[in-house]
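Just follow the structure's listing: the first ligand is 1, and inside any ligand the first atom is 1. Along the sequence shown, residues carry numbers from 1.
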Amino acid sequence: AVALIASASIVTLSIPASAADNNPYGLIEPGHMRVASLGDAKPYTFTDAAGNFTGFDIEFFTNVAHRLGIKQVDFIGQDFSGILPAVANGQYDAGVAAIGITPERAKTVDFTTGYLAGYLSVLTRSDTGIKSVDALAKRRLGVVQGTLQESYAVKHFPQTDLVRFPDNNAAISSLNNGTLDAVFLDYEAAKSYADRFKLVHAADIPSFDAPAGIAIAKQKPQLKAALDKAIKEAMQDGTWKRLYEKWFPGSPMPKQYLPDAQ
Ligand SMILES: NC(=O)CC[C@H](NC[C@@]1(O)OC[C@@H](O)[C@@H](O)[C@@H]1O)C(=O)O
């Protein structure tokens with residue numbers, strides 16, 4: 001008997017696209033990024049009159065995310081001290097809020113390459129007479145919980161009464177109503193609050209050893225590599241420079257993020 005040779009149809013095992021295929025960056029929702037940020041750190045990250053997040057970090061990150069093919073980027077306001085733990089435990093895909101890269105913080109999250117290097121600034125009222133950090137002894141200085149300003153003040157201003165706040169707005173309103181003598185925050189935010197409330201800039205401390213980076217959860221090498229590459233592309237094609245000039249007009253521009261430095 002002629003063995004019927006079964007029509008040998010080539011059966012390709014249709015392996016369902018594994019989760020990794022359509023979600024290479026391990027996002028909470030493929031094609032969508034959920035980002036922890038701040039509403040009161042103008043001009044880095046803040047909410048405008050319509051309640052939309054905007055600012056240098058917001059526009060830079062959105063540009064970078066689009067280079068990864070991520071169309072929808074949602075920013076959610078969060079107290080600064082809660083950002084890194086929430087990113088580490090997967091509540092957000094990233095944290096973007098002028099977050100300085102430090103070894104201590106890198107124990108909790110991973111950071112992309114840096115994208116902004118500047119100063120920590122002391123902001124005061126014209127009536128306090130505070131014109132340098134030496135004048136902070138015995139005075140009341142506001143800091144946002146969990147910031148580099150907090151850890152710097154603990155280490156360098158031992159004679160100063162430190163008062164910790166959840167966010168910039170609370171610290172600045174305490175400065176304005178007289179319960180604080182000064183507030184310690186980021187340079188550009190200090191400038192913005194100074195303009196808005198006729199406050200006085202008292203001192204700048206370089207923080208170039210802790211440039212701001214994008215915080216992501218650990219064990220996400222593909223996301224980190226893709227973000228790093230996109231950040232460099234955005235610097236190389238002049239996007240970084242355009243946004244820096246838009247949001248920080250007149251400020252000294254770090255050289256390491258310009259096209260010819262990539
Ligand atoms: N949004 C915030 O309140 C962040 C406060 C503070 N930012 C410091 C910093 O990242 O700000 C942007 C640049 O000036 C960096 O050099 C600096 O370390 C921090 O990382 O703790």
Problem - Leu148, any N or O under 3.5 Å of ligand 1 N or O - result: yes
Practice task
Could you see which bit of Tyr119 sits under 4.0 Å from ligand 1, with heavy atoms only: side chain, backbone, both or neither?
Solution key: backbone
Problem - Structural part of Glu188 in contact with ligand 1, heavy atom criterion under 4.0 angstrom - result: neither
Practice task
Would you mind listing which atoms of ligand 1 come within a distance below 4.0 Å of any non-hydrogen atom of Ala210?
Solution key: 10 (O), 15 (C), 16 (O), 17 (C), 18 (O)
Practice task
Please check if atom NZ in Lys224 has more than 12 non-hydrogen atoms from other residues, nucleotides or ligands closer than 6.0 Å.
Solution key: yes
Exercise for the section: Check whether any side-chain N or O of Gln72 sits under 3.5 Å from a backbone N or O of His32 as a donor-acceptor pair, and report yes or no. Expected result: no
Handout entry: Nitrogen or oxygen of Ala41 less than 3.5 angstrom from that of ligand 1
Key = no
Problem - Close N or O approach (Tyr44, ligand 1; < 3.5 Å) - result: no
Practice task
Return yes if some donor-acceptor pair links the side-chain N/O of Asp181 with the main-chain N/O of Leu136 below 3.5 Å, else return no.
Solution key: no
Exercise for the section: State whether the shortest distance between N or O atoms of Thr147 and N or O atoms of ligand 1 falls below 3.5 angstrom. Expected result: no
Exercise for the section: For ligand 1, indicate whether the residue Leu185 contacts it via side chain, backbone, both or neither (heavy-atom separation under 4.0 Å). Expected result: neither
Problem - Atom indices of ligand 1, in the order listed, that fall short of 4.0 Å to a heavy atom of Arg105 - result: 19 (C), 20 (O), 21 (O)
Exercise for the section: Step through it carefully: locate the ring centre of Tyr244, locate the ring centre of Tyr257, and say whether they are under 6.0 Å apart. Expected result: no
Fill in the blank from the handout: For Ala117, the atoms of ligand 1 under 4.0 Å from one of its heavy atoms are 14 (O), 16 (O)
Exercise for the section: Within a distance under 4.0 Å of any heavy atom of Ala97, pick out the atoms of ligand 1 and give their elements. Expected result: 1 (N), 2 (C), 4 (C)
Exercise for the section: Report yes if Phe208 has an N/O atom closer than 3.5 Å to an N/O atom of ligand 1; otherwise report no. Expected result: no
Practice task
Return yes or no for this condition: an N or O of Gly146 is under 3.5 Å from an N or O of ligand 1.
Solution key: no
Practice task
Consider every N or O of Asn168 and every N or O of ligand 1, then say whether any pair is closer than 3.5 Å.
Solution key: no
